[in-house]
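For reference, the structure is listed below as structure tokens.
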Number of protein chains: 2
Amino acid sequence: MTARTPDSARDIPEATVARLPVYLRALISLAEEGTTTCSSEELAAFAGVNSAKLRKDLSYLGSYGTRGVGYDVEYLRYQIAREIGVTQDWPVVIVGIGNLGHALANYSGFRSRGFRVVALLDADPDRHEEVVAGLDVRSFEDLESIVAEHDVSIGVIATPAVAAQSVADRMVATGITSILNFAPAVLSVPDGVGVRKVDLSIELQILAYHEQRKSIAPGAGAVS
Amino acid sequence: MTARTPDSARDIPEATVARLPVYLRALISLAEEGTTTCSSEELAAFAGVNSAKLRKDLSYLGSYGTRGVGYDVEYLRYQIAREIGVTQDWPVVIVGIGNLGHALANYSGFRSRGFRVVALLDADPDRHEEVVAGLDVRSFEDLESIVAEHDVSIGVIATPAVAAQSVADRMVATGITSILNFAPAVLSVPDGVGVRKVDLSIELQILAYHEQRKSIAPGAGAVS
DNA sequence: AGGAGTTTGTGAACGGGAGAACAAAACGAG
DNA sequence: CTCGTTTTGTTCTCCCGTTCACAAACTCCT
């Protein structure tokens, strides 16, 4: 019996999903400075997008605005948070506690945005003595038990590139279904497992391409 | 009848530009394991994309393959590197030496991919005593002289969100024309200045959205 | 109460990218 | 030399996302 959830079963375009967190951040800023109501124009300026795009994006969630008035900041903030799923706390494990893993473990933005780092894992026994961000660095072998104990479904990979695929395989085997990959490697995972990658040097290379263009042909276009 | 692009193809789609670094990384891997020639099918598998898409992407650069044979790994590697502009070394400054700035300063992937961190800057005088990754942490006030001295055109922002816009303004004023922003804030810059952003928690929120979807409606699609 | 002024939500046009399919070119066998 | 095989480069079609433009809906003022 497939009970279709009429409330949140709508298909929100991927491009819109990627912008919802930006809107959420903008709304939190507005709320902090005491604004209770805002127009699509204002919010769009805060989020750095076109106001028509913003309205269309929000229309996928429902009709949460009032014509002639705008949006209630608190109400819209809650609706977006609920749609994304960050009204609850998501437990997260980080694998690979090198320079980047350290930084991620200490990053306060995770905690404040609905994520809780429950464990730090590393394959190197020399690191198991360390305490980072108030957490013991534990053996990678403990992955299964930690995932089971905390019901973890999101994993972060911050290992060197060579280790990334095997870590991902192990994560998938333990039941993790979403992976954020910082290693400069292409991961292959089964259908149904979500992967997003962040590659620091790729971003710089894209900038370098446009930078080179500018010096060759001055007056060329900007970067999106 | 396609006008042959003699030197550098003029209009490379943005989506293609974003994938070129991935192809470059794949080619370097292939070269390291001794492969001298590869087909579009092989290379596409290495890069995690469709082979038709790969061929179309490469066609924007020129005709560097041989029909019936494939691509010469070394030759194609050089051509892509040249197109991106990473045959030369790009000097880069990092502003904001907190946890993330530390990690970025120590990240070896920058150096090996055509970027050289020439200075680390922080507004906090307490940090000016530190030495990170072999570089003195210097005052943010030194930005102008450093940019002038090393002819820097790419800057990295790893400050808290509140400082990001003023740092960007200052960077633009000194002549920096490409910015990689890790702060969770929307930057506004003049036309002609390129900005790319990396937001760690946004990526997690996107994963959370799909994760929530899975638990509500099992059998739903994966993440792109 | 009614009209003027705002602002949302959305239908429709538009542009760019993804993928399938195929013709052109290179190589090797006979 | 000719034919068959392989693989690239390109064309064509479809789909997603962006943007425009406007009717609907709400507030405020008289």
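In what follows, chains carry the letters A, B, and so on, assigned in the order in which the sequence lines appear, proteins first and then strands, with residues in each chain numbered from 1. Computed from a prediction, not measured in an experiment: that's the story for all the values here.
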Q | Helical bend (five base pairs per end, nearest 10°) for the helix from C/dA1-D/dT30 to C/dG30-D/dC1 | A | 0°

**Q.** Nucleotide nearest A/Lys56 when distance is taken to its side chain, options C/dG17, D/dT19, C/dG19
**A.** D/dT19

Report the distance from atom [atom1] of [X] to atom [atom2] of [N], rounded to the nearest whole Å.
{"X": "B/Asp57", "N": "C/dA18", "atom1": "CG", "atom2": "C1'", "answer": "10 Å"}
{"X": "A/Leu54", "N": "D/dT19", "atom1": "CG", "atom2": "P", "answer": "12 Å"}
{"X": "B/Leu76", "N": "D/dT7", "atom1": "CG", "atom2": "C1'", "answer": "15 Å"}
{"X": "A/Glu14", "N": "D/dT18", "atom1": "CD", "atom2": "C1'", "answer": "16 Å"}
{"X": "A/Tyr60", "N": "C/dT10", "atom1": "OH", "atom2": "P", "answer": "10 Å"}
{"X": "A/Asn50", "N": "D/dA21", "atom1": "CG", "atom2": "C1'", "answer": "13 Å"}

Q) DNA chain D: B/Ala52 or A/Pro13, which has the more 5' nearest nucleotide? A)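 Per heavy-atom nearest nucleotide, the more 5' residue is B/Ala52.
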
Q: Kindly give the heavy-atom pair with the smallest separation between B/Asp72 and B/Tyr75, and that separation in Å.
A: OD1-N, 2.9 Å

Q. What are the two closest heavy atoms between A/Ile176 and A/Gly155, and how far apart are they?
A. CG2-N, 3.8 Å

Q. Centroid-to-centroid, B/Tyr64 to B/Tyr71, below 6.0 Å?
A. no

Under 3.5 Å: donor-acceptor pair, side chain of [X], backbone of [Y]:
{"X": "B/Gln165", "Y": "B/Ser188", "result": "yes"}
{"X": "B/Lys197", "Y": "B/Val186", "result": "no"}
{"X": "B/Lys214", "Y": "A/Gly192", "result": "yes"}
{"X": "B/Ser39", "Y": "B/Glu42", "result": "yes"}

Q. Is the base of C/dG17 touched by the side chain of B/Lys53 through a donor-acceptor pair closer than 3.5 angstrom?
A. no

Q.
Within this structure, what is the CG-OG1 distance for the pair B/Leu27 and B/Thr35, rounded to the nearest 0.5 Å?
A. 10.0 Å

Sort me out a list of protein N/O and nucleotides 7-9 of chain C N/O pairs below 3.5 Å, or just none if empty.
unit_1 : atom_1 : unit_2  : atom_2 : d
C/dT7  : O4'    : A/Gly68 : N      : 3.1
C/dT7  : O2     : A/Gly68 : N      : 3.3
C/dT8  : OP1    : A/Ser40 : N      : 2.5
C/dT8  : OP2    : A/Ser40 : OG     : 2.6
C/dT8  : O2     : A/Arg67 : NH1    : 3.2
C/dG9  : OP1    : A/Tyr64 : N      : 3.4
C/dG9  : OP1    : A/Gly65 : N      : 2.9
C/dG9  : OP2    : A/Tyr71 : OH     : 2.6
C/dG9  : O4'    : A/Arg67 : NH2    : 3.2
C/dG9  : N7     : A/Arg55 : NE     : 3.0
C/dG9  : O6     : A/Arg55 : NH2    : 3.3

Q. Does the side chain of B/Ser201 come under 3.5 Å of the side chain of B/Asp199 through a donor N or O and an acceptor N or O?
A.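 Their side chains do contain a donor-acceptor pair, which is all the 3.5 Å distance test asks for.
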
